[in-house]
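Here the structure comes first, spelled out in structure tokens, and everything after it is commentary.
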Protein chains: 2
Amino acid sequence: MEMPTAENPVVVHNGDCLDLLRRLPDGCVDAVITDPPYSSGGFTRSDKAAPVAEKYQQNGTERQYAGFSGDNRDSRSWSYWCCLWLSECQRIAKPGGYCLLFTDWRQLPATTDAIQGGGWIWRGLVPWDKGLAARAPHKGYFRHQCEYVVWGTNGACDVPPNDDPRGGPWAGCFQVPVVQSDKHHLTGKPTELMRQLVKVVPLGGVVLDPFAGSGTTGAAAVIEGRRAILIEKEPVYVDVTRRRIAKASGAGSLFAGATN
Amino acid sequence: MEMPTAENPVVVHNGDCLDLLRRLPDGCVDAVITDPPYSSGGFTRSDKAAPVAEKYQQNGTERQYAGFSGDNRDSRSWSYWCCLWLSECQRIAKPGGYCLLFTDWRQLPATTDAIQGGGWIWRGLVPWDKGLAARAPHKGYFRHQCEYVVWGTNGACDVPPNDDPRGGPWAGCFQVPVVQSDKHHLTGKPTELMRQLVKVVPLGGVVLDPFAGSGTTGAAAVIEGRRAILIEKEPVYVDVTRRRIAKASGAGSLFAGATN
DNA sequence: TGTAGGTATGAATCCGACT
DNA sequence: AAGTCGGATTCATACCTAC
């Protein structure tokens, strides 16, 4: 499979995550950073089978996003499927490499099970606080204004603590509001947030995102001077991603801000 | 058992949580708000058997706290024990009443299991962001700067949505720094944080805290014009709590700030 | 370019009506 | 019928438009 280079730092593959992951060689990426389908909307089979826009967008919303697939598993199948692709990712990651998974409050416990089931060492939890605008408020509720990054490593980092080459420590809670003009997918994340996350790999390092969506992980990697392998099932989002990456690569001035 | 009144809004009981909970009548409290022992300070049995000050305080820490008990269970026993006292709490709570449980990242999945195992409906997750001062940073790590409130309700609120008497919506992420002078227990929470949490019950409502520690939940309840039933096993912390409650009750000016 | 005011939005949730 | 569907609801913020 084609790998990213210094000249062409982002490679976008169109196809099924598990199928394409199996073709990647061992130990070729520094981190897996991704936002898998949560399968958390709806309790019944038909609820889950509904198009994602019906599940996650409120009635009367003008803005339209293309649908995405893979969001219709029940809880046991979801966990099983996550273990499959997470073990594959572990094989592809270097020893000591990182795994960062987005999840919502409802799927958080299943996600911490899945990352460990996939062979990673679970190391912690980082909330992403979207702010007070995030969600329709209901009386008697605490706002659901956070999503969560479940993170772990592929084994331990085997260097003496005194000359640990890793960066950080990084923030343990991100306050980043959602900006609509920066959102190209129903579940798109702010570029600013992803720019902070890709810093877990060193400059020039490689990030793998098997559920790339509109490609924010790849755009952030380019801006921060990292490389990325992206996998996305929906052709329409592969196109969106290629356009965004081309734009981010052209914006040479942004490279100036890249730091370790 | 003695119950809190308008004149004497906080009752402190000294003894074992399960034993005392069994003596409280059905449906007598509006919310359970507590910070149970996490049992997450070590992985091995011998780690867990160490005195708490060794587990949670770093070498050279000046401030000393009295030990606390109930923090030496393995993970299965901890879950089982949580289900026991959480079911008892559910019986004691009014229909539609709240349960708010503090936990750390490591015990979060077990806590969401436990609250549901205890018969509550799990409704969400609220991070408490302690800020950057929280912990000594390590390279290659995201800071562990948050604890979490796992919250649920005792069944649904059975009033029509249009005249829902409940307050809120409340913030879905609390940014409250730890103030040493406001910390009277190794795991003590800021009074400011607890003041926000006790607002889930209406003015004059009753909060139950079966692991009261230094009594911050009770102090916050008094300040916010709520009542509280506190249970604490260690006599030394019962004394600390009684002194704090007396002080908070005397500070009449603080009552003026109480809101619904 | 700056400020003010109107509008669109949300990885939801609820309840009642229906099959 | 330990089911399914659809409409109404909510408000802080970002964004857009007008002046």
Side-chain angles (χ1 to χ4, degrees), chain A residues 34-75 78 82 101-111 127-150 174-194 211-214 216 234 237, chain B residues 95-96 116 119 121-126 151-153 155-173 175:
Chain A
T34 197
D35 183 29
Y38 298 170
S39 284
S40 64
F43 281 101
T44 65
R45 214 167 33 180
S46 69
D47 282 347
K48 283 200 195 295
V52 288
E54 280 180 28
K55 285 192 285 189
Y56 300 126
Q57 283 194 297
Q58 293 181 187
N59 290 340
T61 303
E62 291 284 338
R63 180 179 274 260
Q64 297 291 325
Y65 296 100
F68 60 94
S69 53
D71 197 62
N72 48 11
R73 292 174 174 87
D74 72 21
S75 73
W78 188 84
C82 284
L101 305 176
F102 277 91
T103 190
D104 67 357
W105 67 274
R106 205 184 280 282
Q107 287 296 83
L108 200 154
T111 308
W128 164 38
D129 180 3
K130 294 183 268 192
L132 293 175
R135 230 328 148 186
H138 291 262
K139 272 197 156 182
Y141 270 73
F142 292 90
R143 290 168 195 272
H144 294 305
Q145 75 190 57
C146 294
E147 289 184 38
Y148 301 87
V149 178
V150 171
F174 293 106
Q175 319 279 329
V176 183
V178 174
V179 179
Q180 275 187 34
S181 58
D182 184 35
K183 199 175 154 179
H184 307 86
H185 186 281
L186 180 53
T187 68
K189 304 289 174 280
T191 305
E192 171 54 32
L193 175 66
M194 300 314 294
F211 305 97
S214 55
T216 312
E234 301 292 330
Y237 284 118
Chain B
Q116 294 175 94
I121 299 175
W122 178 34
R123 298 284 188 180
L125 209 49
V126 184
W151 73 280
T153 60
C157 176
D158 61 351
V159 298
N162 288 340
D163 53 1
D164 191 330
R166 296 177 297 176
W170 304 290
C173 189
Q175 318 280 329

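Sequence lines set the chain letters: A, B, ... in the order given, protein chains first and strands last, and positions in each chain run from 1.
- Remark: C1' of dA12(C) and CD of Gln145(A) are 14 Å apart, rounded to the nearest angstrom.
- Using a 4.0 Å heavy-atom distance criterion, Trp105(A) is classed as a sugar-phosphate-only contact.
- Across all strands, Pro37(A) comes closer than 4.0 Å to base atoms (heavy-atom distances).
- Checked against the 6.0 Å centroid threshold, Tyr38(A) and Trp105(A) do not count as a close aromatic pair.
- dA12(C) atom C1' lies 12 Å from atom CZ of Arg123(B), rounded to whole Å.
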(request) Would you please test Leu125(B) and Tyr148(A) for side-chain contact (heavy atoms from CB on, under 4.5 Å) and show each step? (result) CA-CA 10 Å; Leu125(B) 209 49; Tyr148(A) 301 87; 3.6 Å; yes
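- Among the protein residues, Lys183(A) comes within range of the sugar-phosphate backbone only, with heavy atoms under 4.0 Å from sugar or phosphate atoms but none that close to a base.
- For Tyr141(A), no side-chain nitrogen or oxygen approaches OP1 or OP2 of dT10(D) to under 4.0 Å.
- Counting to the nearest Å, the P atom of dC11(D) and the CG atom of Asp164(B) are 12 Å from each other.
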(request) Begin with the C-alpha distance, continue with both residues' side-chain angles, and end with the deciding distance and a verdict on side-chain contact (heavy atoms from CB on, under 4.5 Å) for Tyr56(A) and Ser40(A). (result) CA-CA 10 Å; Tyr56(A) 300 126; Ser40(A) 64; 4.1 Å; yes
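- Summarising the base pairing, dA11(C) is matched to no nucleotide, lacking a Watson-Crick or G-U wobble pair whose two defining distances lie under 3.5 Å.
- Between Ser69(A) and Pro37(A), the shortest heavy-atom distance links the atoms O-CG, 3.9 Å.
- When rounded to the nearest whole Å, the span between CZ of Arg143(A) and P of dA11(C) equals 13 Å.
- Straight-line distance from the CZ atom of Phe142(A) to the C1' atom of dT13(C): 17 Å, rounded to whole Å.
- As a whole-Å value, the separation of Arg63(A) CZ from dT7(C) C1' is 14 Å.
- The side chain of Lys130(A) places no N or O atom within less than 4.0 Å of a non-bridging phosphate oxygen (OP1 or OP2) of dA14(D).
- Atom-to-atom, CH2 of Trp170(B) to C1' of dT10(D) comes out at 14 Å; the value is rounded to the nearest Å.
- Both Glu54(A) and Ser181(A) lie near DNA chain D, and the one whose nearest nucleotide falls closer to the 5' end is Glu54(A).
- Stacking is not found between Tyr56(A) and the pyrimidine-like six-membered ring of the dA12(C) base under the 5.5 Å centre-distance and 30° plane-angle cut-offs.
- With rounding to whole Å, Asp129(A) atom CG is found 13 Å from dA11(C) atom P.
- Of the two residues contacting DNA chain D, namely Pro169(B) and Asp182(A), the nearest-nucleotide position lying further toward the 5' end is that of Pro169(B).
- Using bins of under 30°, 30° to 60° and over 60° for the plane-to-plane angle, the ring pair His185(A)/Phe68(A) lands in the tilted bin.
- Across every strand in view, dT10(D) sits unpaired, with no contact that passes the Watson-Crick or G-U test at under 3.5 angstrom.
- Remark: the separation of the C1' atoms in dA1(D) and dC5(D) is 14 Å, to the nearest Å.
- The side chain of Leu132(A) has dA12(D) as its nearest neighbour among dC15(D), dA12(D), dA11(C).
- In this structure, of dA14(D), dA11(C), dA12(D), it is dA14(D) that holds the atom nearest to the side chain of Pro177(A).
- Taking both residues in full, the closest heavy atoms of Arg123(B) and Thr153(B) are given as NE-OG1, 3.0 Å, listed atom of the first, atom of the second, then distance.
- Of the candidates dC14(C), dA12(D), dG10(C), the closest approach to any side-chain atom of Gln57(A) belongs to dG10(C).
- Residue-level contact check: Val52(A) touches neither bases nor backbone, having no heavy atom under 4.0 Å from any strand.
- Here dT9(C) is the nucleotide among dT9(D), dT9(C), dG10(C) with the atom lying nearest to any side-chain atom of Gln180(A).
- When distances run from any side-chain atom of His144(A) to the nucleotides dT9(C), dT13(C), dA11(C), the shortest one goes to dT13(C).
- With respect to the salt-bridge test (charged N to carboxylate O, under 4.0 angstrom), the residues Asp104(A) and Arg106(A) do not qualify.
- Listed nucleotides: dA12(D), dA11(C), dA12(C). Nearest to the side chain of Asp71(A): dA11(C).
- If you check dA2(D) for Watson-Crick or wobble pairing at under 3.5 angstrom, you find it has no partner at all.
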